Amino acid sequence: MPVELRKRKAPAAPPPPPAAKRQSKASKVATKVKEAVTGKPADTPAAKAGGPPAVGSQIDLEGFGGEIETNDGTKTTLKALVEQSKSGVVLFTYPKASTPGCTTQACLFRDSYEPLTSGGLAIYGLSKDSPKANTTFKEKQKLPYPLLCDPSATLIAAIGLKKQPSGTQRGVFAVDKSGKVLLSQPGGPAPTVNAVKALVESSATTAESEPAAATVPDEKEGKDEKEAAPAAVNGEAAKEAKEE
């Protein structure tokens, strides 16, 4: 008796992947900043809860990052530095003073110091080095900005640039006067400088594009001017008649 062969059913086609969500304007700006810092396309992952502050977020400057010290031995905090600035603070982090990569980074910020600070941002270098090591570094390279010493890495950790177990990741962080995070990203010597340049240029473009407030003439003043004109003409005519 012949064996009847049954046909197998073709497997069902997998459902199509969901359509990609469109990026918001804020997301696009964050993506461009990340690409400027790293030199690579950004994947823009979601920020982890309890992690470092994300670009665009607001931080409470009170107590943020703890106490640090300038290279000349002055105790300070991020809040105090922001209050002393005109429009905000830029911190670039480096692993160790006077090493080749850190020297390159510090000198790039030195050479671009004027354009980077033209909009009111204050520039600071930040590392775990001692005041003595940072002072030697600053004087040798003729750096025009202060270097901050954070031996316990409290501020370095707060801005998300602490490298486990005890190192410092090279990067850049910027915050404005209100505590809004403008930059927060690891990167190499040149990309960290380029990110701040892009931030300054973007801020300048935004300021230029804002319409200036139109000056509305005072109605009373306009009326007075119109009334004064005929009076002046009549006065001149009377004077001429008298002279004749």
Side-chain angles (χ1 to χ4, degrees), residues 29-30 32-39 55 61 65 68-74 76-127 129 131 133-150 155-156 159 161 168-210 212:
V29 171
K32 287 182 180 179
V33 169
K34 183 170 183 179
E35 289 175 354
V37 176
T38 62
V55 173
L61 292 169
I68 49 177
E69 189 176 1
T70 62
N71 61 276
D72 63 3
T74 304
T76 188
T77 62
L78 179 60
K79 181 184 177 183
L81 297 177
V82 170
E83 289 175 347
Q84 293 163 15
S85 72
K86 290 182 179 179
S87 63
V89 165
V90 172
L91 304 174
F92 72 87
T93 56
Y94 53 95
K96 190 171 180 61
S98 299
T99 54
C102 300
T103 300
T104 298
Q105 184 183 23
C107 290
L108 286 173
F109 273 96
R110 176 198 65 193
D111 297 342
S112 298
Y113 182 74
E114 287 190 13
L116 293 182
T117 57
S118 61
L121 290 172
I123 305 290
Y124 295 91
L126 174 65
S127 73
D129 291 294
N134 269 333
T135 297
T136 300
F137 186 33
K138 175 179 166 64
E139 291 176 351
K140 184 177 180 180
Q141 303 304 331
K142 297 179 172 58
L143 305 179
Y145 47 82
L147 298 179
L148 303 175
C149 310
D150 185 16
L155 180 55
I156 294 169
I159 63 177
L161 291 170
T168 300
Q169 188 170 18
R170 195 185 311 281
V172 64
F173 179 87
V175 61
D176 71 6
K177 295 281 285 185
S178 70
K180 181 180 179 181
V181 179
L182 306 175
L183 283 177
S184 179
Q185 193 69 43
T192 51
V193 177
N194 291 338
V196 182
K197 286 181 180 178
L199 175 64
V200 172
E201 289 168 3
S202 175
S203 300
T205 302
T206 302
E208 288 174 2
S209 64
E210 291 178 354

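Bear in mind the structure is a predicted one, so any value in this text is a computation, not a measurement.
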Trainee: Taking atom NZ of Lys96 as the centre, does the number of heavy atoms from other residues, nucleotides or ligands within less than 6.0 Å exceed 12?
Mentor: no
Trainee: Taking the side chain as everything from C-beta on, heavy atoms only, tell me whether Leu61 gets closer than 4.5 Å to Leu78.
Mentor: yes
Trainee: Go through the steps for Val196 and Phe109 under the test side chain to side chain contact (heavy atoms under 4.5 Å, CB included), then give the verdict.
Mentor: CA-CA 9 Å; Val196 182; Phe109 273 96; 4.0 Å; yes
Trainee: Within the 4.5 Å heavy-atom criterion, are Ile159 and Val181 side-chain neighbours or not?
Mentor: no
Trainee: Within the structure provided, determine whether Leu147 and Ser127 are in side-chain contact (heavy-atom separation under 4.5 Å).
Mentor: no
Trainee: Quick one: closest heavy-atom pair of Thr168 and Pro95, and the distance?
Mentor: O-CG, 3.5 Å
Trainee: Once rounded to the nearest 0.5 Å, what's the spacing between atom NZ of Lys86 and atom CG of Leu121?
Mentor: 11.0 Å
Trainee: Quick one, Lys197 and Leu116 - any side-chain contact, counting heavy atoms below 4.5 Å?
Mentor: yes
Trainee: Can you tell if the side chain of Leu81 reaches within under 4.5 Å of the side chain of Ile68, non-hydrogen atoms only?
Mentor: yes
Trainee: Atom CD in Gln185, atom CZ in Arg170: separation rounded to 0.5 Å?
Mentor: 14.5 Å
Trainee: For the pair Val175 and Val82, evaluate side chain to side chain contact (heavy atoms under 4.5 Å, CB included) and give the outcome as yes or no after the intermediate values.
Mentor: CA-CA 8 Å; Val175 61; Val82 170; 3.9 Å; yes
Trainee: Hey, are the side chains of Asp129 and Tyr94 touching, using non-hydrogen atoms and a 4.5 Å cut-off?
Mentor: yes
Trainee: Quick one: side chain to side chain contact (heavy atoms under 4.5 Å, CB included) partners of Ser118, sequence neighbours excluded?
Mentor: Val200
Trainee: Check for a donor-acceptor pair, side chain of Thr117 on one end and backbone N or O of Gly120 on the other, with a separation under 3.5 Å.
Mentor: no
Trainee: Check whether Ser203 reaches the backbone of Leu199 with its side chain - one donor and one acceptor, N or O, closer than 3.5 Å.
Mentor: yes
Trainee: Under 4.5 Å between any side-chain heavy atoms of Tyr145 and Tyr124, yes or no?
Mentor: no
Trainee: Find out whether Thr70 and Cys149 are in side-chain contact, i.e. whether some heavy atom of one side chain is under 4.5 Å from a heavy atom of the other.
Mentor: no
Trainee: Which heavy atom in Ala97 sits nearest to a heavy atom in Ala133, and how many Å separate them?
Mentor: CB-O, 4.1 Å
Trainee: Locate the shortest heavy-atom distance separating Leu161 from Val172; write the atom from each residue and the value.
Mentor: CD1-N, 3.9 Å
Trainee: Return the OG1 to CD distance between Thr104 and Gln141, rounded to the nearest 0.5 Å.
Mentor: 9.0 Å
Trainee: Ignoring hydrogens, what is the shortest heavy-atom contact between Pro144 and Arg110? Give both atom names and the distance.
Mentor: CD-CG, 3.5 Å
Trainee: First locate atom OG1 of Thr93, then atom CD of Gln169, and finally report the distance between them rounded to the nearest 0.5 Å.
Mentor: 7.5 Å
Trainee: Using 0.5 Å steps for rounding, measure from the CG atom of Leu148 to the CG atom of Asn134.
Mentor: 8.5 Å
Trainee: Could you go step by step and tell me if Phe173 and Leu182 meet the side chain to side chain contact (heavy atoms under 4.5 Å, CB included) rule?
Mentor: CA-CA 7 Å; Phe173 179 87; Leu182 306 175; over 6 Å; no
Trainee: If I take atom CG from residue Asp150 and atom CG from residue Leu155, how far apart are they, to the nearest 0.5 angstrom?
Mentor: 5.5 Å
Trainee: From the options Ile123, Leu108, Leu126, select the one residue that forms a side-chain contact (heavy atoms from CB on, under 4.5 Å) with Phe92.
Mentor: Ile123
